[in-house]
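The sequence lines fix the lettering, A, B, ..., with proteins before strands; numbering per chain opens at 1.
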Amino acid sequence: MKFDDKVPIYYQIKQHLYHEILAATLKPGDKLPAVRQLAVDLTVNVNTIQRALSEMITEGVIESRRGKGNFVTQDTARLAQLKEQLVMAQLALVYAQLHALNLSDDEIIESLKRYIEQKGAAQND
Amino acid sequence: MTDVLTIENLSYKRNQKLILANVDLTLAAGKIVGLLGENGAGKTTLMRLITGSAQGNGTITVSGTTTPAQRKSHVSFSEQLHGFSKSTKLARVVSFYQLVYPDFDLKRYQDLAAFLQINDDLKLSALSKGMREKFIIALTLARQVELYLLDEPFSGIDSMSRKKIISSIIQWTPENATLLISDHYVTEIASVLDEIVVVKDQTIAVHRGADEIRNQTGLEIEDYYESLYEGGVQHD
Amino acid sequence: MTSFGSLFKAMSRDKFRQMNQLLALELIATVVTLIWVAIKGEFSSSTLMFATMGWAPLPSVVGVIILAFGIEKTYTADSFRLMPVEETKLYSTNLLTSLVNLVYFTIIQAVVCSIAVSIAFFSDGGASMMGNMPPARAMTDFVGMLIAVVVLYLILNLLIWSTISFVHLITRAASSFLPKMRQQVVNIVIYVVVIFLTLRLSGFIIHGVAWVSRVAFSNNDWSQIWVSIVAMAVVILIEGAINVICLKKWVETDAN
């Protein structure tokens, strides 16, 4: 995996795992690879993985079972919340950028609709 | 968390020339630490002082031991095998290590050698630069100690070998051991580092967490490191 | 910490191999000589004796020199200095392994030479040599003297090696201290001192050899050889103590 060296690595690992979970590469109740294996796969340090995982455990996205490893939570409400959180974060980026182009809230909604229609039309061709 | 290495008020002179002065450094257990600095800044010298191959003034404590002979039981250094003649077979070097270091774990060595694709039947003279460095890494990491010192393991090495070496470091550094790795080009190992230590102006100029740097400065480690030489960024 | 047994094995291996290579070379030289003599048609029962005994001294000297190189390399190569052992143990094991391997080398040579001599002796019917056999009382003297000569030989080699180390380690220690300029001056001084020491040493050796031969021929009181041996042992111990201090405090390995 390629990292942006400007952003803390543990943060990028969290983002990476969130995407795996929401894209259902990792399903609810799935066991995560061992910490060292994750470290080797992502070419990062074991401590960094540890930090990312422990934050995710605190957030309730993954669960640690003593002696068995780490598992994706089966709490679907929590996962829905996570999805909402990530969607909002992405939208926040778009919103901020469009706002910077002097678009009003209504104009932003309009352009987004237009974009989706065009994109849908392009895909139907 | 306990400290693996403590250096207090260390200075080192050679031929009446001051090379390191007032060095204080503490490394906690279980870290991968990058030792950065320009060529000739004293990175290798610092490592040699830790192993006892060079002798300076000051106190160096490794896992609670201070005399060089005792420290050697706790430190594994990537030495360049100059003590062996070129016609020595790798297997002979391995069996020398096995004899001389009670902490040498043959199983670990064999796993590392298999991973790095090292052929023990070759002679030292038959190894390419990359292969030789892989062999040295395998020997160094096959010892079970608290502190590993890798001196510029990537200089003059192709990117495939470099990746293999980085993977083996992640995979085989024991959980509570600390690994100090020197390099003058940090980008290739930045994602692996917990902390960086910069040797500059004959002493330790910076010792900071890598993610802390990214968090607080928003810079890449390489850019942050370079900024130290432009006098741009102040550290606290 | 490395155990003495492991350290001994590790430090002995290369030396043992070198001694065997040297013996192989000596064997080849002897065989070639024999073939040469046979081709010239001058082969006799004593040819073997002359060939082996003629070739023996050169490899002995070379062996001592090779071992000396090995000893000095140990002090400057990380491969050896990183071993977890005290300097005193490193130093003494280094000398001991060299001595043991030299003894091994010498014993093999001695065995080969005595076989060659016996062949010459018996094929001759023992007639020409029998007349020179010493009487029984002289035999006991001979054994005593043989022991003294063997000990003298061992201690002499130790003295040679320890003096080489002494010079090497002192120069090395001094050169790490001094600024590059003054280093040359000091090196010159050290070399002068060393040459003086070497002269004294060779004087010592010549004196010793003179003693041995005088004693051997005059059947006098050869116990005085032991005085020289003790004197040499004292020198070895003093040099050893200084060498170990140098290793502990100043002598660094070659940087990568």
Might you confirm whether atom CH2 of B:Trp172 has over 12 heavy atoms from other residues, nucleotides or ligands at distances under 6.0 Å? yes
Nearest 0.5 Å please: distance from the OG1 atom of B:Thr51 over to the CG atom of C:Asp78. 6.0 Å
If you count the non-hydrogen atoms of other residues, nucleotides and ligands that lie under 6.0 Å from CG in B:Asp158, is the total more than 12? yes
Report which part of B:Tyr97 has an atom under 4.5 Å of a heavy atom belonging to chain C: side chain, backbone, both, or neither. neither
Honestly, the part of C:Lys73 sitting under 4.5 Å from a heavy atom of chain B is side chain
With chain B, which of C:Gly5, C:Ser3, C:Ser6 has the greatest number of heavy-atom pairs at distances under 4.5 Å? C:Ser6
Between C:Leu247 and B:Gln55, the two heavy atoms sitting closest are O-NE2, 3.3 Å
Taking every heavy-atom pair that is under 4.5 Å apart, which of B:Gln98, B:Glu152, B:His74, B:Arg92 has the most such pairs with chain C? B:Arg92
Establish, from distance only, whether the side-chain atoms of B:Arg48 and C:Thr253 form a donor-acceptor pair under 3.5 Å. yes
How are the rings of B:Phe96 and C:Phe80 set to each other: parallel, tilted or perpendicular (split at 30° and 60°)? perpendicular
Heavy-atom cut-off 4.5 Å, strictly under: side chain, backbone, both or neither for B:Gln70 against chain C? both
Looking at B:Lys200, I'd like to know if its NZ atom is crowded, meaning that more than 12 non-hydrogen atoms belonging to other residues, nucleotides or ligands lie closer than 6.0 Å. yes
Is it true that B:Ser53 and C:Glu252 share a donor-acceptor pair across their side chains at a distance under 3.5 Å? no
With side chains defined as the heavy atoms from C-beta onward, is the minimum distance between B:Lys72 and C:Thr2 less than 4.5 Å? no
As an exercise, state the distance from NE2 of B:His82 to OG of C:Ser79, rounded to the nearest 0.5 Å. 8.0 Å
To the nearest 0.5 Å, tell me how far C:Gln18 CD sits from B:Ser85 OG. 8.0 Å
Most heavy-atom pairs under 4.5 angstrom with chain B, which of C:Arg81, C:Met1, C:Glu86? C:Met1
Rounded distance [0.5 Å steps], OG in C:Ser176 versus CD in B:Gln16: 9.5 Å
At a heavy-atom separation under 4.5 Å, does B:Arg71 approach chain C through its side chain, its backbone, both, or neither? neither
If you apply the rule side chain to side chain contact (heavy atoms under 4.5 Å, CB included), what do you find for B:Gln80 with C:Asp254, and how did you get there? CA-CA 10 Å; B:Gln80 297 298 308; C:Asp254 289 327; over 6 Å; no
Could you look at B:Ser95 and say if it's the side chain, the backbone, both or neither that has a heavy atom under 4.5 Å from chain C? both
Any chance CE of C:Met53 has more than 12 other-residue heavy atoms, nucleotides or ligands included, within less than 6.0 Å? no
So, for C:Pro84 and B:Ser73, which heavy atoms are closest and what is the spacing to 0.1 Å? CB-OG, 3.3 Å
Other residues, nucleotides, ligands: >12 heavy atoms within 6.0 Å of B:Lys164 NZ: yes
With a 4.5 angstrom heavy-atom cut-off, is it the side chain or the backbone of C:Lys89 that approaches chain B, or both, or neither? neither
Indicate the atoms forming the closest heavy-atom contact of B:Val100 with C:Met83, along with that distance. CG1-CG, 3.1 Å
For C:Leu82, is it the side chain, the backbone, both, or neither that has a heavy atom closer than 4.5 Å to a heavy atom of chain B? both
Just wondering, more than 12 heavy atoms not from C:Phe69 lying within 6.0 Å of its CZ? no
Okay, C:Arg13 and chain B: the region with an atom under 4.5 Å from a heavy atom over there is both
Out of C:Val251, C:Leu90, C:Leu7, return the one with the most heavy atom pairs under 4.5 angstrom to chain B. C:Val251
